[in-house]
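Okay, structure first, notes after.
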Amino acid sequence: MSQHRTQIDMKRLRYIIEVARAESITTAAETLALTQPALTRSIAEVERELGIKLFDRLPRGVKLTESGERFVERARQIVGDLEDLVVEMRSGSTSLTGRLRIGIAPAGYLFYANRAVAALARAHPGISIETIGGSAQDLCPRLLHGELSAVIGSSRYFQRWKELAVTPLRRMHVGCLVRESHPLTEVERPKEVDMLGYPLILPSSVEPVHTDLAQRYAHHSLHLPQPQYATDNFNLVEALLRVSDGFHPMHFPAAEYRPGRGLTILQDVLKLPEHFLSLATSSLQPKSESTALFEAVAIDQLSR
C-alpha cells in the first residue's frame with residue numbers, strides 16, 4: 001500500500017498531465033525541468049502500478065490511449081480540486097475562491113465572453129479563471145465529465161447533448177464579413193447563391209456552421225467547397241479577407257460588433273438557422289459556487 005502512494009502521487013499526476021498536454025515526453029521534460037529518462041521512468045512506473053498503458057509511442061511524440069484519456073481526465077480533476085483546496089485554506093474565508101475552466105465554442109466567441117470574464121475577475125480576484133477555445137464536439141463532453149465548469153457558445157451547437165443545461169443569453173445575427181471593395185458590396189440586394197460562389201473562410205473549430213452551410217449549398221445544387229482557409233485566429237481572418245474575395249460567415253449580437261478597418265458586414269444574405277449566444281453547464285455535475293456566480297455574471301453582462 002505504501003508503495004502505491006509513493007508511485008502515484010500528485011507529482012506524477014502532474015507529470016502525466018503535462019505529457020498529455022504536450023504530446024511529447026521531450027517537450028514535457030523541458031517544461032517540468034526534468035531529464036527525459038527521468039520522466040520516461042516515472043511514466044513507466046505509473047503504468048506498471050496501474051497495469052495499463054497510458055501512452056502510445058509514435059514516431060514523433062506520444063498519444064494517449066483510451067485508458068490514458070480516462071486517467072488524465074480524472075487526474076486533472078484531482079489536481080484541480082487540490083489546488084482549489086490549497087488556495088481556499090491559505091486565503092481563509094475572507095473572499096470567494098475557486099477555479100473556473102470556461103470553454104469557448106467556437107474559440108472566436110471569446111470576443112463576446114470577455115466582458116463577463118473580466119467582470120467576474122474584477123469582483124472576485126480570488127477565483128482562478130482559465131478559458132479554453134475549441135469546438136463544441138471537443139468541449140461539451142469535457143464539460144459533462146466535469147473537466148470544464150461551463151461552455152459559452154451557440155445554442156445550436158449544444159443541441160445534441162441532452163444532458164446540458166443551456167441558458168440563452170441573446171439572439172445572434174447572421175452576417176457575411178467581407179472587404180469593403182468586395183464585388184457584392186456594389187450589389188443592392190446580394191443573393192445567397194452569388195455569395196456562395198466566393199471562397200469560404202471558416203473557423204477551424206466550427207463544425208455545425210459547416211453543416212448549416214452545406215445545406216444552403218445543397219439547396220442551390222452547389223457543391224460545398226473545402227474552405228480555402230480555416231483558422232480560429234480572427235486577426236488572420238481579417239487579414240485574409242482584406243487580400244481576397246473570400247467571405248467569413250459569422251454570428252454577432254446587434255450593435256456590438258464593429259468590423260475592422262477596410263471590412264464590412266453583408267446582412268440577410270445567408271439563410272442560416274437562428275443562433276443564441278448561450279451558457280451551457282452540466283446537469284450531471286453539482287454546480288460549484290464559482291460556477292453559479294459566473295452564470296449570474298454572464299446573464300447580467302451578456303444578455304444586455
Side-chain angles (χ1 to χ4, degrees), residues 1-88 90 97-107 110 127-151 203-205 207 230-233 282 284-285 288 290-291:
M1 182 66 68
S2 60
Q3 183 179 3
H4 180 82
R5 288 197 299 269
T6 300
Q7 290 191 356
I8 308 180
D9 53 15
M10 297 302 293
K11 179 174 66 176
R12 285 177 171 79
L13 288 184
R14 289 189 170 93
Y15 290 173
I16 292 169
I17 290 170
E18 181 57 32
V19 173
R21 186 198 65 80
E23 295 187 335
S24 165
I25 293 178
T26 302
T27 302
E30 293 175 355
T31 302
L32 295 166
L34 295 172
T35 65
Q36 182 175 340
L39 182 55
T40 300
R41 184 168 57 253
S42 180
I43 294 171
E45 289 172 352
V46 174
E47 289 181 323
R48 185 166 56 252
E49 180 70 16
L50 295 173
I52 63 173
K53 189 178 182 182
L54 296 173
F55 296 96
D56 284 324
R57 275 60 174 179
L58 306 176
R60 299 186 63 179
V62 296
K63 181 180 180 180
L64 283 170
T65 63
E66 184 175 343
S67 297
E69 289 179 355
R70 292 198 301 270
F71 181 85
V72 169
E73 181 180 291
R74 290 289 290 121
R76 284 174 175 149
Q77 289 181 251
I78 292 169
V79 171
D81 289 343
L82 176 62
E83 291 173 349
D84 289 348
L85 177 61
V86 170
V87 170
E88 182 179 341
R90 286 177 176 172
T97 61
R99 177 176 57 104
L100 277 174
R101 303 186 78 235
I102 304 166
I104 311 293
L110 183 59
I127 297 178
S128 299
I129 304 174
E130 178 185 359
T131 61
I132 302 97
S135 68
Q137 284 73 14
D138 172 48
L139 298 180
C140 289
R142 294 170 67 182
L143 172 61
L144 293 174
H145 285 117
E147 187 180 334
L148 301 178
S149 309
V151 176
S204 55
S205 60
E207 293 182 22
T231 177
D232 284 323
N233 184 329
S282 172
L284 305 178
Q285 305 287 339
S288 69
S290 55
T291 299

Taking the side chain as every heavy atom from C-beta outward, state whether Arg142 and His145 have any atom pair closer than 4.5 Å.
->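 No, every pair of side-chain atoms sits at 4.5 Å or beyond.
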With side chains defined as the heavy atoms from C-beta onward, is the minimum distance between Met10 and Ile78 less than 4.5 Å?
-> yes
Measuring from [X]:[atom1] to [Y]:[atom2], what's the distance to the nearest 0.5 Å?
X: Phe55; Y: Thr65; atom1: CZ; atom2: OG1; value: 8.0 Å
X: Thr291; Y: Arg99; atom1: OG1; atom2: CZ; value: 9.5 Å
X: Ile102; Y: Leu139; atom1: CD1; atom2: CG; value: 12.0 Å
X: Leu32; Y: Ile17; atom1: CG; atom2: CD1; value: 10.5 Å
X: Asp9; Y: Arg14; atom1: CG; atom2: CZ; value: 9.5 Å
X: Ser67; Y: Leu54; atom1: OG; atom2: CG; value: 8.0 Å

Taking all non-hydrogen atoms of both residues into account, name the closest pair between [X] and [Y] and its distance.
X: Gln285; Y: Gly146; value: NE2-N, 3.9 Å
X: Asp232; Y: Pro203; value: OD1-CB, 3.5 Å
X: Leu39; Y: Ala29; value: CD2-N, 3.6 Å

Arg60, CZ atom: more than 12 neighbouring heavy atoms under 6.0 Å | no
Short side-chain to backbone donor-acceptor contact, Thr27 and Ala22, under 3.5 Å | no
N/O donor-acceptor pair under 3.5 Å between Glu130 side chain and Arg101 backbone | no
Go through the steps for Glu73 and Arg70 under the test salt bridge (charged side-chain N to carboxylate O under 4.0 Å, His left out), then give the verdict.
-> CA-CA 5 Å; Glu73 181 180 291; Arg70 292 198 301 270; over 6 Å; no
Going by distance alone, is a donor N or O of one side chain under 3.5 Å from an acceptor N or O of the other, for Thr26 and Ser24?
-> no
